[in-house]
Amino acid sequence: PLPPRLFFEAVEQSPLAISITDARATILYANRAFETLTGYARKEVLGCNESILSNRATPESIYRHLWRTIEHRQPWTGTLVNRTKGGDDYLAELTIAPVLDRGGALRYFLGMHRDVTKVH
Ligand code: FAD
């Protein structure tokens, strides 16, 4: 059997920026790549909403569609413009996956994104 710690280390060391949130997008965990890409130290973003990454120019309709999808327990993939702590905008290819508890309740979301600004 795989040691449980391996699951943590695999996420922690992933080159994708990974975060785990509660059902309202409050950040509960962020991995190292999330810190590197966003410029935020983990302790700064824990307890904040993921909207801290928004560049404030993405049309609200995109967020509405995102929320409608994930609240229906479906994964959502899309591209958003995010802003780093330092104020640089980047194109984020983001997948959000719902995480259900054992009783089937929607409790958490897994967010995974990477910078696709330079991808053609
Ligand atoms: P919000 O106050 O969030 O509202 C925008 C619209 O979204 C609302 O009109 C409403 O229709 C809908 N909405 C918001 N919250 C809820 C809710 N709890 N239930 C139902 N509908 C809701 N945003 C980014 O910009 N960049 C990211 O990298 C990013 N990553 C995310 C990762 C995860 C795992 C999750 C769950 C969300 C992520 N979001 C991200 C979305 C983020 O939480 C915000 O909804 C978004 O940034 C818009 O923020 P806002 O303050 O402008 O508007």
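Bear in mind that the values here come from a model prediction, so they are computed numbers and not experimental data. Atoms within each ligand, like the ligands themselves, are counted from 1 in listed order.
Ligand 1 has no nitrogen or oxygen under 3.5 angstrom from a nitrogen or oxygen of Ser19. Taking any N or O of Trp67, backbone or side chain, at least one lies under 3.5 Å from an N or O belonging to ligand 1. For ligand 1, the polar-atom distance check against Tyr63 finds a nitrogen or oxygen pair separated by under 3.5 Å.
For the residue pair Tyr63/Ser54, the side-chain donor-acceptor check at 3.5 Å is satisfied. Between the side chains of Thr77 and Glu93, no donor-acceptor pair of N or O atoms lies under 3.5 Å.
Of all heavy-atom pairs between Arg24 and Trp67, the closest is C-CH2, 3.9 Å. Contact between Ala23 and Leu106 at its shortest, heavy atoms only, is CB-O, 4.0 Å.
Remark: atom 15 (N) of ligand 1 lies closer than 4.0 Å to at least one protein heavy atom. Contact annotation for atom 9 (O) of ligand 1: protein present (non-hydrogen atoms, distance under 4.0 Å). For atom 2 (O) of ligand 1, no protein heavy-atom neighbour is found at a distance under 4.0 Å.
Each of the atoms 25 (O), 47 (O) of ligand 1 lies under 4.0 Å from some heavy atom of Ser54. Listed by number with element, the atoms of ligand 1 under 4.0 angstrom from any heavy atom of Gly111 are 34 (C). In the vicinity of Ala25, heavy-atom distances shorter than 4.0 Å reach the ligand 1 atoms 35 (C), 36 (C), 37 (C), 43 (O).
Nearest protein heavy-atom contact of atom 49 (O) of ligand 1 is Ser51 CB, 3.2 Å. Atom 39 (N) of ligand 1 has Glu50 CB, 3.6 Å as its closest protein atom, hydrogens excluded (heavy atom only). Summary of contacts: the protein heavy atom closest to atom 19 (N) of ligand 1 is Glu71 OE2, 3.0 Å. Distance from atom 35 (C) of ligand 1 to its nearest protein heavy atom, with residue and atom name: Ile96 CD1, 3.6 Å.
If you take NE2 on His113 and OG1 on Thr79, they are separated by 11.5 Å, rounding to the nearest 0.5 Å.
With respect to the salt-bridge test (charged N to carboxylate O, under 4.0 angstrom), the residues Glu12 and Arg42 qualify.
The side-chain heavy atoms of Thr38 and Leu53, taken from C-beta on, include a pair separated by under 4.5 Å.
Of all the listed residues (Thr26, Asn82, Thr58), Asn82 holds the heavy atom that lies closest to atom 28 (O) of ligand 1. For atom 24 (C) of ligand 1, the candidate residues are Asn49, Leu80, Ile70; the nearest heavy-atom contact is made by Leu80. Here the shortest heavy-atom distance to atom 50 (P) of ligand 1, taken over Arg64, Arg56, Glu93, belongs to Arg56.
Residue contacts with ligand 1, taken as heavy atom pairs separated by less than 4.0 Å, involve Leu94 solely via side-chain atoms from C-beta onward.
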**Request:** Evaluate the side-chain hydrogen bond (donor to acceptor under 3.5 Å, both in side chains) criterion for residues Ser19 and Glu50: first the C-alpha distance (whole Å), next the side-chain angles of each, then the deciding distance (0.1 Å), finally the verdict.
**Result:** CA-CA 9 Å; Ser19 55; Glu50 294 273 5; 2.7 Å; yes
**Asked** Going through the checks in order, is the side chain to side chain contact (heavy atoms under 4.5 Å, CB included) test met by His72 and Ile70?
**Response** CA-CA 5 Å; His72 284 86; Ile70 64 178; over 6 Å; no
**Request:** Tell me, with the steps shown, if Ile20 and Val99 meet side chain to side chain contact (heavy atoms under 4.5 Å, CB included).
**Result:** CA-CA 9 Å; Ile20 298 173; Val99 181; over 6 Å; no
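Remark: of the listed residues Phe34, Tyr108, Phe8, Phe8 is the sole one forming a side chain to side chain contact (heavy atoms under 4.5 Å, CB included) with Tyr29.
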